[in-house]
Amino acid sequence: MACSIWETASITVSIGIATFTQDDTSTSLLKKADKALYLSKEIGRNRVTQAMDLT
C-alpha cells in the first residue's frame with residue numbers, strides 16, 4: 001500500500017510589476033515593483049499589480 005507524505009495546502013500569490021523607463025535606475029525600478037507588490041497584498045491575495053496603475 002502506497003503512503004503519501006504530501007499534504008494539501010492553500011497557496012496565494014501576489015505579484016508587483018514595474019516597467020523600465022529611460023528615467024529609471026535599478027533601484028528605482030525595484031522600488032516601483034516593491035510598492036506594486038505590497039499594494040497587491042493589501043488589496044487581497046492572488047493579485048497582480050502594475051506600478052503604472054499606482055500613478
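Computation of the quantities below employed the complete heavy-atom set of this structure, encompassing side-chain atoms and omitting hydrogens, waters and symmetry-equivalent molecules. Please read all numbers here as calculations on a predicted model, not as lab measurements.
- A33 and A18 make their closest contact through N-CB, 3.7 Å (heavy atoms, listed as atom of the first residue, atom of the second, distance).
- With values rounded to the nearest 0.5 angstrom, S26 atom OG is found 8.5 Å from F20 atom CZ.
- A side chain to side chain donor-acceptor pair (under 3.5 Å) check over residues 35-46, counting only residues at least two apart or in different chains, returns the pairs S40-T49.
- Evaluation of the salt bridge (charged side-chain N to carboxylate O under 4.0 Å, His left out) test over residues 22-33, restricted to residues two or more places apart or in two chains, returns D24-K32.
- Looking at heavy atoms from C-beta onward, L39 lies in side-chain contact with L54 at the 4.5 angstrom threshold.
- In this structure, the separation between OG1 on T19 and CE on M52 is 6.0 Å, given to the nearest 0.5 Å.
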